[in-house]
Chemist: 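Below is a structure I'd like to ask you about.
One-based numbering along the sequence shown. Being a predicted model, the structure only gives us computed values, none of them experimental. When a ligand or atom number is given, it counts from 1 through the structure's own listing order.
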Amino acid sequence: MVASAHADSTAGAAGEQPRARRVVLAYSGGVDTSVCIPYLRNEWGVQEVITFAADLGQGDELEPIRRKALDSGASQSIVGDLIEPFIREFAFPAIRANALYEGRYPLSTALARPLIARRLVEIAREVGADAVAHGCTGKGNDQVRFDVAIAALAPELRVLAPAREWGMSREETIAYGERCGIPAPVSKKSPYSIDLNLLGRSIEAGSLEDPNVEPPEEIYALTRSIEATPEAPQTVEIGFEQGNPVSLDGERLDPVSLVRRANELAGLHGFGRLDMVENRVVGIKSREIYETPGLLLLIKAHQELESLTLAADVLRTKRQLEMQWADLVYQGLWFGPLKQALDAFIDTTQACVNGTVRVKLHRGNATVVGRSSGADSLYVPDMATYGAEDQFDHRAAEGFIYVWGLPTRLWAARRRGR
Ligand code: ARG
């Protein structure tokens, strides 16, 4: 049998080798990650659990979360604002890549994980931890993203995933927590599992597990229902420089403010909801609801500006590579070699993606109604026009078509038996 990283450390009966002495735990304040704290200490013999909770613009109060970790037995509770790097280093590259997993999901959750992992590793090194931990279960994508990212950044650190091994149901988890002094969730627990950050929300579980059941209106928080959207359409002009969004309606905004504003605008008009069955890394299909209003709006506008500014062959090639970029980010390979290679390609293409796109928001739709790019536009009016200024040499088309169609004509002639 091959020794695994965990082989020396199964469960914590007294006298067994502990898995780790000092552990940095990714902490959200929820039941699972809270229970991880006493579990790591009591069952796995961890001496010190240091929690880290990231502010990714989810809008939660962080001070109660910080205190809850201490109340749950953490020896140190760290909170950190990661909003700015989240948008600048993770969301904007995704916009430049027009990243849509399986053509639809803009990776709002997936993009956050490598950043959290990066910060966990930094903290682990600062505090001299020998392991990091997370509360992901064994059937989601997030465990893959954390584990691979941490392994890539810090191979010397162990990754502990108690919820992957403890085999407790939700009720058992809550009961375990109560025995350790962790209060059960006060309000009657929502049946949904929600992940939230500045890029959007993902909603799973409860009645949504039946892919044939329509999502109830109550699950949405960032987007209005069509019925509640304003009657009047609203057009927004999005400015881009080198593929990055930089302004809304002519006003230059820092990346975080820009995404916030895009969320508000698109959400107000009911744009950005998604109901899909997606293929998880671990091989199962799951039904997921997302609302990612700003991110979807920005990707849509960005794609449009590329249609004006990228050469045809570059655009086609990029569209193919974008799928691979989305796949690898979804699959937890942010710190891998393909990501680097694709980023180099994408960066090269984005130098000329400068200009503005106008999008009309109305009743759940975002419709592009205009695009413009000064010197970077490859749209040549003299070539495109049907008016008198037309400079296109129509007669040249004949010779081109002769050569272009030659293989087809030869093949068709053979089939006719000549
Ligand atoms: N299915 C989405 C993804 O894999 C959302 C996952 C939400 N994660 C969570 N822990 N609730 O990116």
Chemist: For the ring pair Y105 and Y290, is the centre-to-centre distance below 6.0 Å?
Modeler: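 For Y105 and Y290, the ring centres are under 6.0 Å apart.
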Chemist: Would you mind listing every salt bridge (charged side-chain N to carboxylate O under 4.0 Å, His left out) that reaches into residues 370-383, with sequence neighbours excluded?
Modeler: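 Non-adjacent pairs meeting salt bridge (charged side-chain N to carboxylate O under 4.0 Å, His left out): E304-R371.
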Chemist: What residues, two or more places apart in sequence or in another chain, satisfy ring-ring contact (aromatic ring centres under 6.0 Å, His included) together with Y39?
Modeler: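 With neighbours one apart ignored, the set is W44, W166, Y176.
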Chemist: Could you tell me whether R145 sits above the aromatic face of Y330, with NZ or CZ closer than 6.0 angstrom to the six-membered ring centre and within 45 degrees of the axis?
Modeler: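 Checked: cation-pi criterion met.
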Chemist: Can you pull the residues with any heavy atom under 4.0 Å from ligand 1?
Modeler: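 Lining ligand 1: Y105, T109, A110, N141, D142, R145, S193, D195, S202, E204, E278, E288, Y290, Y330.
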Chemist: Report yes if the side chains of H302 and N244 come closer than 4.5 Å at any heavy-atom pair, otherwise no.
Modeler: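 Not touching, per the 4.5 Å side-chain cut-off.
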Chemist: By ring-ring contact (aromatic ring centres under 6.0 Å, His included), which residues pair with W334, not counting sequence neighbours?
Modeler: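 F90, W325.
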